[in-house]
Enquirer: 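Take a look at the following structure, please.
Order of appearance sets the numbers: ligands from 1, and atoms from 1 within every ligand. Just so you know, residue 1 is the first one in the sequence shown, and it goes up from there.
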Amino acid sequence: MTISRSITVTVNGVVHERSVEPRLLLADFLRSTLALTGTHVGCEHGVCGACTIIVNGDSVRSCLLLAVQVDGCEVETVEGLGTIHNMGAIQNAFQEHHALQCGFCTPGMLMTAKDLIAKHPLATEEDIREGLSGNLCRCTGYENIVRAVRSASVALKEKTS
Ligand code: FES
Ligand code: FES
């Protein structure tokens with residue numbers, strides 16, 4: 001017999017109460033239970049970074065967490081960054097700098113970039129390369145991705161100063 005547990009999670013500002021199996025991965029909870037399929041799942045063991053989201057202000061691998069572990073937490077996924085008609089600054093920079101090809105790594109790159117820019121608004125190119133080093137792009141478009149993150153960090157800094 002599987003015992004479900006009730007959890008309450010705020011995702012992109014919306015409160016969700018669900019009953020979940022204790023073994024349910026957070027990535028599967030987001031994609032299957034909440035239909036937030038923007039979070040991608042690649043390696044499923046913490047290597048590729050495609051599943052990166054933000055929990056309580058820190059970027060994490062959603063394939064390495066269980067849904068029950070985010071009970072009571074604030075979760076941000078790529079869907080929270082903006083919409084196709086109203087993209088956020090980081091998404092705009094990715095578009096402007098052609099920072100995606102197949103797009104599989106993109107949600108994880110965007111969420112890692114959000115965390116990086118929030119914590120290091122003055123990040124140098126080297127900091128950005130280091131910060132993104134845990135996210136793999138099989139299309140190898142790293143140059144443009146780094147350029148986009150640098151551009152987004154400058155744009156966001158100008159906006160807040
Ligand atoms: S799917 Fe989570 S790190 Fe690859
Ligand atoms: S754009 Fe294809 S994996 Fe990064």
Enquirer: Hey, could you give me the OG1/CD1 distance between Thr106 and Ile145, rounded to the nearest 0.5 Å?
Expert: 6.5 Å
Enquirer: Numbering the atoms of ligand 1 from 1, which are under 4.0 Å from a heavy atom of Arg61?
Expert: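 This gives 3 (S) as the contact atoms.
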Enquirer: Any carboxylate oxygen within less than 4.0 angstrom of a Lys/Arg side-chain nitrogen, looking at Glu143 and Arg129?
Expert: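 So Glu143 pairs with Arg129 through a salt bridge.
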Enquirer: Is it the side chain (CB and beyond), the backbone, both or neither of Glu44 that lies under 4.0 Å from ligand 1, heavy atoms counted?
Expert: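 Near ligand 1, Glu44 shows its backbone, while the atoms from C-beta on stay back.
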Enquirer: Taking any residue with a non-hydrogen atom under 4.0 angstrom from an atom of ligand 2, which ones do you get?
Expert: Gln101, Cys102, Gly103, Cys105, Cys137, Arg138, Cys139
Enquirer: Would you sort out whether Leu30 and Asp28 count as a side chain to side chain contact (heavy atoms under 4.5 Å, CB included), showing the intermediate values?
Expert: CA-CA 5 Å; Leu30 294 169; Asp28 293 335; over 6 Å; no
Enquirer: Give me the one residue out of Thr10, Val9, Ile53, Val11 that meets side-chain contact (heavy atoms from CB on, under 4.5 Å) with Val70.
Expert: Val9
Enquirer: Using modelled atom types only, decide if a donor and an acceptor are shared between the side chain of Glu79 and the backbone of Gly38 within a distance under 3.5 Å.
Expert: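 Yes, because the side chain of Glu79 sits within donor-acceptor range (under 3.5 Å) of the backbone of Gly38.
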Enquirer: Going by the order shown, which atoms of ligand 1 are within less than 4.0 Å of some heavy atom of Gly49?
Expert: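 In order of number, 3 (S), 4 (Fe).
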Enquirer: Below 4.0 angstrom from a heavy atom of Gly46, which ligand 1 atoms are there? Numbered from 1 as shown, please.
Expert: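 Listed by number with element, the hits are 3 (S).
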Enquirer: Test side chain to side chain contact (heavy atoms under 4.5 Å, CB included) on Leu65 and Arg61 and set out the steps.
Expert: CA-CA 7 Å; Leu65 284 172; Arg61 309 290 211 222; over 6 Å; no
Enquirer: Tell me whether the count of non-hydrogen atoms from other residues, nucleotides or ligands lying under 6.0 Å of NZ in Lys119 goes above 12.
Expert: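 Counting neighbours around NZ of Lys119, more than 12 heavy atoms of other residues, nucleotides or ligands fall under 6.0 Å, so yes.
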Enquirer: Quick test of your reading of the model: are Glu76 and Lys114 salt-bridged, counting only N-O distances below 4.0 Å?
Expert: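 Salt bridge flag = yes for Lys114 with Glu76.
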Enquirer: Within a distance under 4.0 Å of any heavy atom of Val47, pick out the atoms of ligand 1 and give their elements.
Expert: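 Under 4.0 Å from Val47, ligand 1 has these atoms: 3 (S).
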Enquirer: Give the atoms of ligand 1, by number and element, whose distance to some non-hydrogen atom of Cys51 is under 4.0 Å.
Expert: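 Result: 1 (S), 2 (Fe), 3 (S).
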Enquirer: Show me the pairs that pass ring-ring contact (aromatic ring centres under 6.0 Å, His included) and involve residues 39-65, at least two apart or across chains.
Expert: His40-Phe104
Enquirer: Check each heavy atom of Thr52 against ligand 1 and say whether those closer than 4.0 Å belong to the side chain, the backbone, both or neither.
Expert: neither
Enquirer: Nearest heavy-atom pair of Asn144 and His98: which atoms, and what distance?
Expert: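 Looking at all heavy atoms of both residues, the closest pair is ND2-O, 3.2 Å.
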Enquirer: So that I can check it, does any N, O or S atom in Cys43 come closer than 2.8 Å to atom 4 (Fe) of ligand 1?
Expert: yes
